[in-house]
A.B. asks: 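Here's a structure for you.
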2 protein chains.
Amino acid sequence: MNTNTSATVGRPRLFDEDAVLAELTALFWRQGYGQTSMADIVDASGVHKPSLYRTFGSKEELFALVLRRYLAERIAMFAQMIELSGPGVAGIQNFLDLFEADAVSERGRDGCLMVMASNELRGVLPGYDFSADYREQMRGQIHLLILQSGEVDGTGVAEARTDLVTAYLLGLNVVMRSTADAAEIHRYVDAMRATVRTW
Amino acid sequence: MNTNTSATVGRPRLFDEDAVLAELTALFWRQGYGQTSMADIVDASGVHKPSLYRTFGSKEELFALVLRRYLAERIAMFAQMIELSGPGVAGIQNFLDLFEADAVSERGRDGCLMVMASNELRGVLPGYDFSADYREQMRGQIHLLILQSGEVDGTGVAEARTDLVTAYLLGLNVVMRSTADAAEIHRYVDAMRATVRTW
DNA sequence: TGCCTTATGTACCAAACGGTACATTAATAA
DNA sequence: TTATTAATGTACCGTTTGGTACATAAGGCA
């Protein structure tokens, strides 16, 4: 296949590979996998079909690529939010503020591509269990947030809080993707704020 | 269209309308909307295409029908679980037991058709915002559970707990649909049990 | 200057898709 | 018995789908 991403020979590529992947990530994120046709992909990317197939492989392979890229980006976003949030239980509240700000943004309304894909495409992409991968990595980030709050690891408390916040955030992503205005999202975030206040 | 569901004249229907809807509910639930073709629907139901179209309308209309039926069933299941759970905070724990038992069952592994559909088909079914409808009704049931636990309405506490449990359960449905064994599901339910213990 | 390699763009493909025309069958009503 | 109504089953429709053949263009290299 196309292992040589920076060939020195032959006609040079007219499009930026990563920029196209970013554009298509947004497209899949908005529309879902099944609702997005190759024609849509051609339109959104401005790249003709044969070039897409030569560069990224089939639609499934392209989507797998998009998912991996998205996963890395999203986990990085979590990591950054957590770092910004700071220590203590107040840090968790700060994290919720940051998460809510993203949730009510235009992109936030689309929820999470990973949550969407794991609902739509369970077991469709061969050889890559992205839903487990995502949940594991996301939970790892939340675990860091909880530990950073001062909770001691290994007692079970930190782990239970981690699981609670993880499941809660997955649910919030469902709410975000469906029709829910900023006020409703705020209500759901406030519910977790109240719980965190008891920690 | 077919308003006359029990016609006395003409050739009688060879299939049971509700049994077919139940079968197709299971099919959509397993596979999702986009991954299910009319050919699949014909195979699963044993009913030929023209009869399906005559009885249920287009694929979209059929799915809308399936969704409404499923929603009523699911809310009824919630209501029954809540009734079985009994009063007090212990009732919430009982509810979590019942929910977990369903979650680890074969059907539970497919998560929730409504959650799946609201992720896959946001705004695709014209004139029926099923995701908002579902969330509202589900939240209403959870609200009953919280009130039944003894929490006083109107103080904001009951409402916050309702929202927390609602979002959490939506997230749990995401976990259930993805690859997660009974042990992992148990861990996530236990996280909520720990929170409820502080109520 | 050619040669080789790779990307591009048009035009096309077979298969699968959702949906339907039409002749047939089976029931009730006159 | 016959007319009417509705459901069935085959066979088919046009469109859209994911995917490709092929000729052309544009670079590096000998």
Side-chain angles (χ1 to χ4, degrees), chain A residues 1-21 23-24 27-28 30-67 117 120-121 123-126 128, chain B residues 1-21 23-24 27-28 30-67 117 120-121 124-126:
Chain A
M1 275 291 148
N2 178 48
T3 51
N4 189 8
T5 52
S6 60
T8 56
V9 74
R11 181 172 179 175
R13 215 162 258 163
L14 290 185
F15 61 93
D16 181 81
E17 210 171 309
D18 197 64
V20 164
L21 281 178
E23 190 69 46
L24 297 185
L27 182 68
F28 280 125
R30 247 181 290 125
Q31 305 193 347
Y33 180 79
Q35 299 287 325
T36 303
S37 70
M38 284 306 299
D40 292 336
I41 292 171
V42 167
D43 287 349
S45 65
V47 180
H48 291 119
K49 245 194 280 187
S51 291
L52 288 169
Y53 275 90
R54 169 175 285 273
T55 309
F56 304 114
S58 69
K59 186 188 172 191
E60 265 190 12
E61 290 168 320
L62 166 63
F63 189 63
L65 218 65
V66 162
L67 276 184
E120 182 182 352
L121 297 177
V124 167
L125 298 190
Y128 178 34
Chain B
M1 274 291 150
N2 177 50
T3 50
N4 189 8
T5 52
S6 60
T8 56
V9 74
R11 182 172 179 174
R13 217 163 255 163
L14 291 186
F15 61 93
D16 181 82
E17 209 172 310
D18 197 65
V20 164
L21 282 178
E23 190 69 46
L24 297 184
L27 182 68
F28 281 125
R30 248 181 290 127
Q31 305 193 346
Y33 180 79
Q35 299 288 325
T36 302
S37 69
M38 282 308 296
D40 292 335
I41 292 171
V42 167
D43 287 350
S45 64
V47 179
H48 291 119
K49 246 195 279 187
S51 291
L52 288 170
Y53 275 90
R54 168 175 284 274
T55 309
F56 303 115
S58 69
K59 186 189 172 191
E60 265 190 10
E61 291 169 320
L62 167 61
F63 189 63
L65 219 64
V66 162
L67 277 184
E120 181 183 351
L121 297 177
V124 167
L125 297 190

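To find a chain, count down the sequence lines: A is the first, B the second, and so on, and within it residues start at 1. Note that the coordinates shown come from a computational prediction; the quantities given were computed from them, not determined experimentally.
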A.B. asks: Looking only at side-chain atoms of A:F15, point me to the closest of D:dA6, D:dT20, C:dT8.
C.D. replies: C:dT8

A.B. asks: Is the phosphate of D:dA7 approached by B:R13 (side-chain N or O, under 4.0 Å from OP1 or OP2)?
C.D. replies: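 It does, given that an N or O in the side chain of B:R13 lies less than 4.0 Å from OP1 or OP2 of D:dA7.
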
A.B. asks: Taking for each residue the nucleotide of DNA chain C with the nearest heavy atom, is it B:R11 or B:D40 whose nucleotide lies nearer the 5' end?
C.D. replies: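 Its nearest nucleotide being more 5', the pick is B:D40.
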
A.B. asks: Side-chain N or O of B:T8 versus OP1/OP2 of C:dT28: is the shortest distance under 4.0 Å?
C.D. replies: no

A.B. asks: For the side chain of A:V9, starting at C-beta, report the closest nucleotide among D:dG19, C:dG19, C:dT6.
C.D. replies: C:dT6

A.B. asks: Just how far is it from atom NE2 of A:H48 to atom CG of A:L14, taken to the nearest 0.5 Å?
C.D. replies: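 Between A:H48 NE2 and A:L14 CG, I get 10.5 Å after rounding to 0.5 Å.
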
A.B. asks: What distance do B:S58 atom OG and B:L52 atom CG have between them, rounded to the nearest 0.5 Å?
C.D. replies: 11.5 Å

A.B. asks: Nearest to the side chain of A:R54, which nucleotide is it out of C:dC17, C:dT8, D:dT8?
C.D. replies: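 Side chain of A:R54 sits closest to C:dT8.
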
A.B. asks: What is the separation between atom NE2 on B:H48 and atom P on C:dA21, rounded to the nearest whole Å?
C.D. replies: 19 Å

A.B. asks: Could you state the atom-to-atom distance from CD of A:E61 to C1' of D:dG19 in whole Å?
C.D. replies: 12 Å

A.B. asks: Between A:L21 and A:F56, is there a side-chain heavy-atom distance shorter than 4.5 Å?
C.D. replies: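 Of all side-chain heavy-atom pairs linking A:L21 with A:F56, at least one is under 4.5 Å.
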
A.B. asks: Are OP1 or OP2 of D:dG18 and a side-chain N or O of A:K59 less than 4.0 angstrom apart?
C.D. replies: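 Looking at the OP1 and OP2 atoms of D:dG18, one of them is under 4.0 Å from a side-chain N or O of A:K59.
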
A.B. asks: From the set D:dT10, D:dG19, C:dG9, return the single nucleotide nearest to any side-chain atom of A:L14.
C.D. replies: C:dG9

A.B. asks: Measure CD/A:E60 against P/D:dG19 and give the value in whole Å, please.
C.D. replies: 8 Å

A.B. asks: Any idea which of D:dG27, D:dG18, C:dA27 is nearest the B:P12 side chain?
C.D. replies: C:dA27

A.B. asks: Starting at CD of B:E17 and ending at C1' of D:dA6, how long is that distance when rounded to a whole Å?
C.D. replies: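 B:E17 atom CD is separated from D:dA6 atom C1' by 14 Å.
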
A.B. asks: Please report the distance, rounded to the nearest Å, between CZ in A:F56 and C1' in D:dG18.
C.D. replies: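 To the nearest whole Å, that distance equals 17 Å.
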
A.B. asks: Mind calculating the distance between CD (B:Q35) and P (C:dA16) to the nearest angstrom?
C.D. replies: 15 Å

A.B. asks: When the nearest nucleotide of DNA chain D is assigned to B:S51 and to A:P50 on a heavy-atom basis, which residue is associated with the more 5' position?
C.D. replies: B:S51

A.B. asks: On the 0 to 90° scale, with breaks at 30° and 60°, tag the B:F28-B:F63 ring pair as parallel, tilted or perpendicular.
C.D. replies: perpendicular

A.B. asks: Can you measure A:I41 atom CD1 to D:dG18 atom P for me and round it to whole angstrom units?
C.D. replies: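 Nearest whole value for this atom pair: 7 Å.
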
A.B. asks: Check the distance between D:dG14's P and B:M38's CE and give it to me in whole angstrom.
C.D. replies: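 Interatomic distance, CE of B:M38 to P of D:dG14: 20 Å.
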
A.B. asks: How many angstroms lie between CD in A:E120 and CD in A:Q35, if you round to the nearest 0.5 Å?
C.D. replies: 7.5 Å

A.B. asks: Using the side-chain heavy atoms of A:K49, tell me which of these nucleotides is nearest: D:dA6, C:dT8, D:dG18.
C.D. replies: D:dG18

